[in-house]
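Next up is a structure, given as structure tokens.
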Amino acid sequence: MLARVPEPELMDSPEQVAAYAGADFAASDNAFVERLLQALQPLPDRGTLIDLGCGPGGITISTARSLPGWQITALDAGANMLARAGENLHRQPAAVRERVTLHQAWLPQHGLRQQFDVIISNSLLHHLPDPTTLWQTLVALGRRGSLVQVMDLLRPDSEQQLQQLVQTHAGDAPPVLQQDFSHSLRAAYSLEELGAQLKSAGLQHLSLAQISDRHMQISGRL
Ligand SMILES: C[S@@+](CC[C@H](N)C(=O)[O-])C[C@H]1O[C@@H](n2cnc3c(N)ncnc32)[C@H](O)[C@@H]1O
């Protein structure tokens, strides 16, 4: 098994924000939102949802568009990243824009008193120096029955597998993104490590599955 190499927690330099926001994550973002909508069937008219580590807001905005009537909170620690999410949100119709609140907070400090019906997070976990931050935030911001959907990368078994994934999925991307992807794969957790984290957080009833050659998803109700 490849050794885990953590990466810097925030990706908030103007260059990183621009490169990340300019990357095309549409396929995996859309698939994430599709699975969420499936899990929510029949779709409630109203609800509250928080996106932890929302980045430039691709998934947040797509979720807000798919869930009319819902109040959405988008949380991120990076001021530049959140500003980019604000710009992207500004291009949306008022009916979408006005239901989304951007919230700057560095987890585990969330500064929120509210609990949410749905908690989502994509690609935050592997950035956290201590993964328990995510699990304790789910418990703090959810209530019994809240739906959780967390997606992240899985650390490959070998250097060869890692290089193959970078070639397959970022072969045509700018070098800064290839490097980011490679670092993120190294910083990600294995299924075994994730299973142990869920168990020690008392969240072992959530389902944990590999959903692509590089992604895992944790989902279920608190
Ligand atoms: C790889 S990006 C993922 C962005 C977005 N979820 C997406 O799917 O495109 C990870 C985000 O997590 C944020 N982040 C990292 N550590 C954080 C923390 N402790 N609290 C809040 N946000 C954090 C970073 O600023 C960054 O925007």
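Just follow the structure's listing: the first ligand is 1, and inside any ligand the first atom is 1. Residues take their numbers from the sequence shown, with the count starting at 1.
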Name the one of Glu159, Gln160, Gln161 that satisfies side-chain hydrogen bond (donor to acceptor under 3.5 Å, both in side chains) with Gln163?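 Filter result, single survivor: Glu159.
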
Ignoring hydrogens and angles, state whether a donor on the side chain of Ser184 or Glu7 is under 3.5 Å from an acceptor on the partner side chain.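 A pair is found: one side chain offers a donor N or O, the other an acceptor, under 3.5 Å apart.
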
Distance to 0.1 Å, residue and atom name: give those for the protein heavy atom nearest to atom 10 (C) of ligand 1.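 That would be Ser123 O, 3.4 Å.
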
Are side-chain heavy atoms of Thr73 and Phe116 found at a separation under 4.5 Å?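 Result yes, sub-4.5 Å side-chain heavy-atom pair found.
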
Nearest protein heavy atom to atom 26 (C) of ligand 1, by residue and atom, and its distance?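 Answer for atom 26 (C) of ligand 1: Asp76 OD2, 3.5 Å.
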
Give me the residue, atom name and distance of the protein heavy atom closest to atom 19 (N) of ligand 1.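 Here the nearest protein heavy atom works out to Glu9 OE2, 2.6 Å.
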
Got a second to check how far Ser212's OG is from Leu153's CG, nearest 0.5 Å?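 Taking OG in Ser212 and CG in Leu153, the distance rounds to 8.0 Å.
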
Can you tell me if His169 and Asp213 form a side-chain donor-acceptor pair at under 3.5 Å?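 On atom types as modelled, these side chains qualify, holding a pair under 3.5 Å.
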
Roughly how far, to the nearest 0.5 Å, is CG of Leu185 from CZ of Arg214?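 Nearest 0.5 Å value for the CZ-CG distance: 9.0 Å.
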
Separation of Met1 CE from Asp157 CG (nearest 0.5 Å):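 The CE atom of Met1 is 5.0 Å from CG of Asp157, to the nearest 0.5 Å.
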
Please verify whether a non-hydrogen atom of Gly58 lies at under 4.0 Å from ligand 1.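 Under 4.0 Å: no for Gly58.
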
Starting from atom 8 (O) of ligand 1, locate the nearest protein heavy atom and write down its residue, its atom name and how far away it is, to 0.1 Å.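 For atom 8 (O) of ligand 1, the nearest protein heavy atom comes out as Asn122 ND2, 2.7 Å.
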
Look only at interatomic distance and state if Ala77 has a nitrogen or oxygen under 3.5 Å from any nitrogen or oxygen of ligand 1.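 Right, the criterion is met.
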
Quick one: look at Ser184 and ligand 1, take heavy-atom pairs under 4.0 Å, and tell me if it's side chain, backbone, both or neither.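 It is neither; nothing of Ser184 touches ligand 1.
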
Of the protein's non-hydrogen atoms, which lies at the shortest distance from atom 14 (N) of ligand 1, and what is that distance?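 It is Leu124 CD1, 3.5 Å.
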
Residue, atom name and distance, where the atom is the protein heavy atom closest to atom 3 (C) of ligand 1: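 Of every protein heavy atom, Tyr20 OH, 3.3 Å lies nearest to atom 3 (C) of ligand 1.
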
If the cut-off is 4.0 Å to any non-hydrogen atom of Trp106, which atoms of ligand 1 fall inside it?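 Ligand 1 atoms under the 4.0 Å threshold to Trp106: 18 (C), 19 (N), 20 (N).
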
For Met81, atoms of ligand 1 separated by under 4.0 Å from a heavy atom: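 The list of qualifying atoms is 27 (O).
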
Any atoms of ligand 1 less than 4.0 Å from a non-hydrogen atom of Ala105? List them with their elements.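 The list of qualifying atoms is 20 (N), 21 (C).
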
Would you check if Thr101 and Ile72 make a side-chain contact, meaning some heavy-atom pair closer than 4.5 Å?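 No; the side chains remain at least 4.5 Å from each other.
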
Those atoms of ligand 1 less than 4.0 Å from some heavy atom in Gly53: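 What qualifies from ligand 1 is 3 (C), 4 (C), 5 (C), 6 (N), 11 (C), 12 (O).
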
Any N or O of Leu107 that comes nearer than 3.5 Å to an N or O of ligand 1?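 For ligand 1, there is an N or O atom that lies under 3.5 Å from one belonging to Leu107.
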
Give the contacting part of Thr133 toward ligand 1: side chain, backbone, both or neither, where contact means a heavy-atom distance below 4.0 Å.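 Under 4.0 Å from ligand 1, Thr133 contributes no heavy atoms.
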
Take Glu193 and Arg4 through the test salt bridge (Lys or Arg N to Asp or Glu O under 4.0 Å) and record every step on the way to the result. CA-CA 11 Å; Glu193 290 162 347; Arg4 177 168 188 265; 5.8 Å; no

Between Ser146 and Asp117, does any side-chain donor sit less than 3.5 Å from a side-chain acceptor?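 Distance-only check fails for Ser146 and Asp117.
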
